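Report on the following structure.
Just so it is clear: chains get the letters A, B, ... in the order the sequence lines come, proteins before strands, and each one is counted from 1. Quick caveat: nothing in here was measured; it's all calculated off a predicted structure.
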Amino acid sequence: MIRDQLGAALRTAVEACGLAPPTEVRLDVPKAREHGDFASNVALQLAKAAGRPPRVVADDIARALMAADVAHLERVEVAGPGFLNLHLDPGWLHDLLRAVLAAGDTWGTGDELAGQRINLEFVSANPTGPLHAGGGRWIAVGDATANLLAARGAQVHREYYLNDTGNQLDMLRESLSARYHGRQLPEDGYKGAYVTELASELRGEHGDALTDDELCELGLARLIVGIRDDLARIGVHFDTWFSERTLHERGDVADVLRVLDGKGITYSAEGAVWLRSTDFGDDRDRVLVRSNGTTTYLCNDLAYHRDKLARGSDHLIDIWGSDHHGQVKSLQAGLQALLGVHGEPEIILGQLVKLMRDGREIKISKRAGNYVTLADILDEVEADVARMTFLLQSLDTKQTFDLDLVTSQSMDNPVYYVQMAHARIASIGRRATEAGVSRLPLEQVDLSLLTHERETELLRALADQPEMIAAAAAERAPHKVSHWALDFAGRFHGFYRDCRVLDPSDAAEVGGGPGALTQARLALTDACGIGLARALGLLGVHAPDEMARLDDDQDPVAG
RNA sequence: GCGCUCGUAGCUCAAUGGAUAGAGCAUUUGACUACGGAUCAAAAGGUUGGGGGUUCGAAUCCCUCCGAGCGCGCCA
């Protein structure tokens, strides 16, 4: 890419001035167009060491850079406190267009994560009830993050951890049993209607012959199927569904205790077995085996994460709600104690979703049972709308998911704005065919006709896309892709408005021969389609070739 | 009390330490015999919670205060 070439040339120019370039010579895309196509602050960084004013240093570098005769570099300006503003000729954008078309489906991919096997665990809600609406955030973010990492070369493994043992499952068993036998629900039982439905369903099939264990197993299996179905509806597929029971049955948990004990970093106190996790950066030591002999969640989780690594992952990533942030240090400290690895697993923390309906917050509580499920949402809006909504905001922002807004005004959802741009591109292609426009091979298309600001702005956005994707992957920030897509769609709608693609009268005026501008704009349109499809694909949102027609009879006309 | 994450336009949110802090919605004003108006253009809207500090430069880093959410179990 030209950015790398310019960066390399800049580095050489800095060295030619007798200065030591910083480890990373980076070029920025300035916000203001008059600041050029790319800008560098390298002179500002080096001024102190050079012992000269930044602008003087910048002048030297600018001269050296211009002397180097870099492709497409038209001029270098020194501006402000000492920025180097690089102005390029439009040819670089036309080169870029060719690069997009040549790349096709691979546009926006990269290889900086090549060879890395990453295990990404997300959702992993307890299988004691249906997925709730707020969990949709982890589903959308997890899947998009997986797509991002894969786009940059990683081999990504999507994993769902089933906590199919322990207290919560015991409570499910008791709750099911109570409903099954028509008894009073235990104090902390699951009050959701689904428990009652499940119990009566099983009673209808098996009568009252089921033991509590059988009841629980059958119920659990159905709940898991339900979770899987919900995930399928929103289009997420997991490579592995890992059962916590496996860890106990294989003796993995016991082995973890053995290994830790062998390292001398456990001790007994107050009838429990503790991990000396403070030695590894934790705030306090943690219990591994309770005084009643059962192992803690942490202990089981250590066995689980060790297994994930043993199955052949170079790096582990978990996506958690921020309400679990207190466990991050413990798990990382524990894994370090166990295996000597640092910073594993990486934990992506996301702020929780606040659900609103009728202007009031809906408190999520699986126990209370009165909660909104993901399926409820998917009954009202399509998966694309739900996904896009969850992917609009940074994970550090607590999201307010207004059910009234998202469901009743789904037509205003930004996803349609982006999809509309993609559909328009396809529509232009169809129209071109209908109009009998025969597409020339790209080599014969005069791309230099693309000089309209709408056109160059689209190309600049495309030029930035691969770096945007790389940044989104590196920062685990899929919302950056949503924002790029929204911005890009806006640029395309503007182009569509101001630059008619299929208009023969334009061609003669620009002197490129009949249809020359149309050919160039069709090429541009193709490239835009590639860029949009890439962005939407990363988000897990469909890139349709046409939109469903809106009905005209939806107007609330009185009388 | 301690810790984590935050506080940005009326609202919802962006912004790898960079130049004049940007979008959408809402508001005001305009543009359609149309390659799909699910569109576009313009205006208006800000002491980036307050106060210090670091430096050429801070919404961003450090300190402090105020406010919000979440943690601080032999629960998960």
Side-chain angles (χ1 to χ4, degrees), chain A residues 24 26 28 30-32 34-35 39-41 43-45 47-48 53-55 79-83 85 126 128 163 166-168 188 269-274 283-284 286-298 300-301 321-329 349-352 354 392-400 402 405 409 411-421 423-432 434-435 437 454 467 471 474-475 477 479-480 482-483 486-487 489-490 492-503 518 521-522 525 546-550:
Chain A
E24 189 190 18
R26 218 186 44 250
D28 299 314
K31 273 179 282 190
E34 60 266 29
H35 292 154
S40 170
N41 62 355
L44 288 158
Q45 292 176 310
K48 183 168 280 181
R55 287 193 63 110
F83 290 104
N85 290 338
N126 284 315
T128 51
N163 297 115
N167 291 345
Q168 304 215 5
D188 296 327
E270 302 161 54
V273 176
W274 296 70
D283 301 322
R284 59 181 191 80
R286 306 284 168 174
V287 170
L288 293 173
V289 185
R290 303 183 188 103
S291 48
N292 70 5
T294 61
T295 52
T296 58
Y297 186 88
L298 172 65
N300 303 338
D301 221 19
S322 62
D323 54 338
H324 290 93
H325 77 256
Q327 299 162 57
V328 174
K329 271 190 192 173
L349 290 173
Q351 297 292 312
L352 300 181
K354 184 177 172 180
L392 281 172
Q393 280 150 33
S394 150
L395 277 173
D396 288 337
T397 298
K398 42 189 169 203
Q399 183 168 42
T400 302
D402 189 325
L405 208 66
Q409 298 182 15
M411 283 304 155
D412 289 338
N413 192 288
V415 72
Y416 294 113
Y417 183 80
V418 179
Q419 289 184 320
M420 180 65 190
R424 273 188 161 163
I425 289 166
S427 171
I428 290 171
R430 287 193 298 268
R431 288 282 184 161
E434 287 167 20
V437 175
R454 296 291 199 181
E467 302 215 18
E475 297 166 30
H479 75 280
K480 293 197 173 203
S482 321
H483 283 272
L486 277 166
D487 176 75
F492 186 82
H493 289 309
F495 160 78
Y496 177 88
R497 168 82 184 181
D498 293 344
C499 302
R500 206 176 162 80
V501 176
L502 303 176
D503 187 349
T518 290
R521 284 180 172 167
L522 282 171
T525 301
E546 56 186 327
M547 303 296 283
R549 294 270 176 183
L550 273 185

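A donor-acceptor contact shorter than 3.5 Å is absent between the side chain of A:Asn41 and the backbone of A:Leu44. At distances below 3.5 Å, not a single donor-acceptor pair connects side-chain atoms of A:Thr295 with backbone N or O atoms of A:Val289. With A:His35 contributing its side chain and A:Ala79 its backbone, the two residues share no donor-acceptor pair below 3.5 Å. No donor-acceptor pair under 3.5 Å is formed between the side chain of A:Arg521 and the backbone N or O of A:Leu502. A:Arg55 places no side-chain N or O within 3.5 Å of a backbone atom of A:Pro81 that could act as its donor or acceptor partner.
Both A:Ala39 and A:Arg430 lie near RNA chain B, and the one whose nearest nucleotide falls closer to the 5' end is A:Ala39. Toward the 5' end of RNA chain B, the nearer of the two residues A:Pro81 and A:Gly494, judged by each one's closest nucleotide, is A:Pro81.
For the C1' atom pair drawn from B:A26 and B:C63, the interatomic distance equals 39 Å after rounding to whole Å. Rounded to whole Å, the C1' atom of B:A43 lies 35 Å from the corresponding atom of B:G51. Nucleotides B:C70 and B:C74 have their C1' atoms positioned 23 Å apart, rounded to a whole Å. To the nearest whole angstrom, the two P atoms, one in B:U5 and one in B:U47, are 28 Å apart. Taking atom C1' in both B:G17 and B:U48, the straight-line distance is 15 Å, to the nearest Å. Comparing the C1' positions of B:A9 and B:G45 gives an interatomic distance of 6 Å, to the nearest angstrom. Only the P atoms considered, B:C13 is 15 Å distant from B:G69, to the nearest whole Å.
Contact of A:Asn41 with B:G18 (side chain to base): a donor-acceptor pair of N or O atoms is detected under 3.5 Å. With hydrogens and angles left out, the side chain of A:His325 and the base of B:G3 share a donor-acceptor pair within 3.5 Å. Side-chain atoms of A:Asn413 and base atoms of B:A38 include no donor and acceptor less than 3.5 Å apart. Within 3.5 Å, no donor on the side chain of A:Gln419 pairs with an acceptor on the base of B:A38, nor the reverse.
Judged by ring centres under 5.5 Å apart and planes tilted less than 30 degrees, A:His35 stacks against the six-membered base ring of B:A19.
Proximity of A:Tyr496 to the phosphate of B:G37: a side-chain N or O atom is located under 4.0 Å from OP1 or OP2. Proximity of A:Arg424 to the phosphate of B:C40: no side-chain N or O atom is located under 4.0 Å from OP1 or OP2. Phosphate contact (OP1/OP2 of B:C40, side-chain N/O of A:Tyr417, threshold under 4.0 Å): present. For B:C74, the OP1/OP2 oxygens have a side-chain nitrogen or oxygen of A:Arg284 closer than 4.0 Å. Side-chain N/O atoms of A:Thr397 include one lying less than 4.0 angstrom from OP1 or OP2 on B:A14. Distances shown here put every side-chain N or O of A:Gln168 at or beyond 4.0 Å from the OP1 or OP2 atom of B:A76. At the phosphate of B:G24, neither OP1 nor OP2 sits under 4.0 Å from any side-chain N or O atom of A:His493. When the side-chain nitrogen and oxygen atoms of A:Lys354 are compared with OP1 and OP2 of B:G69, none of them lie within a distance under 4.0 Å. Taking only side-chain nitrogens and oxygens, A:Arg454 comes nearer than 4.0 Å to OP1 or OP2 of B:A41. For the pair A:Lys48 and B:C56, the criterion of a side-chain N or O lying under 4.0 Å from OP1 or OP2 is met.
With distances taken from any side-chain atom of A:Asn167 to the nucleotides B:A19, B:A14, B:C75, the minimum falls on B:C75. The side chain of A:Arg290 has B:C74 as its nearest neighbour among B:A38, B:A19, B:C74. Here the side chain of A:Ser291 is nearest to one of B:G71, B:C74, B:U12, namely B:C74. Taking the side chain of A:Val501 as heavy atoms from C-beta on, and the options B:A19, B:A15, B:C35, the nearest nucleotide is B:C35.
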task = Just do the side-chain contact (heavy atoms from CB on, under 4.5 Å) check on A:Leu392 and A:Leu486 with the steps written out, would you?
result = CA-CA 10 Å; A:Leu392 281 172; A:Leu486 277 166; 3.7 Å; yes

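Across the protein-nucleic acid pair, A:Leu395 atom CG and B:A14 atom P stand 10 Å apart, rounded to whole Å. At whole-Å resolution of the value, CZ in A:Phe492 and C1' in B:A23 are 20 Å apart. For the pair A:Leu486 CG and B:A14 C1', the computed distance is 11 Å after rounding to whole Å. With rounding to whole Å, A:Gln327 atom CD is found 8 Å from B:C72 atom P. Rounded to a whole Å, the CG atom of A:Leu349 is 13 Å from the P atom of B:C4. Between the CG atom of A:Asn300 and the P atom of B:C75 there is a distance of 12 Å, given to the nearest Å. We find that CG of A:Leu405 is positioned 12 Å from C1' of B:G24, with the value rounded to whole Å. Going from atom NZ of A:Lys31 over to atom C1' of B:A14 covers 11 Å, rounded to whole Å.
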Find every protein N or O atom lying less than 3.5 Å from an N or O atom of nucleotides 66-68 of chain B, and list the pairs.
none

Mind listing the N/O atom pairs, protein and nucleotides 29-31 of chain B, below 3.5 Å?
| from | atom 1 | to | atom 2 | distance (Å) |
| --- | --- | --- | --- | --- |
| B:A31 | O2' | A:Arg497 | NH2 | 3.1 |
| B:A31 | N3 | A:Arg497 | NH2 | 3.2 |

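Taking every heavy atom of both residues into account, A:Arg454 and A:Asp498 meet most closely at NE-OD2, 2.8 Å.
Between A:His483 and A:His479, the angle of the ring planes goes over 60°, which puts this pair in the perpendicular group of the 30/60° scheme.
Base-pairing analysis of RNA chain B finds the following stems of at least three consecutive Watson-Crick or G-U pairs, with both pairing distances under 3.5 Å: B:1-7 with B:66-72, B:10-13 with B:22-25, B:27-31 with B:39-43, B:49-53 with B:61-65.
For the atom pair CD of A:Glu546 and CZ of A:Arg430, the computed distance is 5.0 Å after rounding to the nearest 0.5 Å.
Contacts of A:Ala272 with the nucleic acid, taken as non-hydrogen atoms under 4.0 Å apart, include base atoms.
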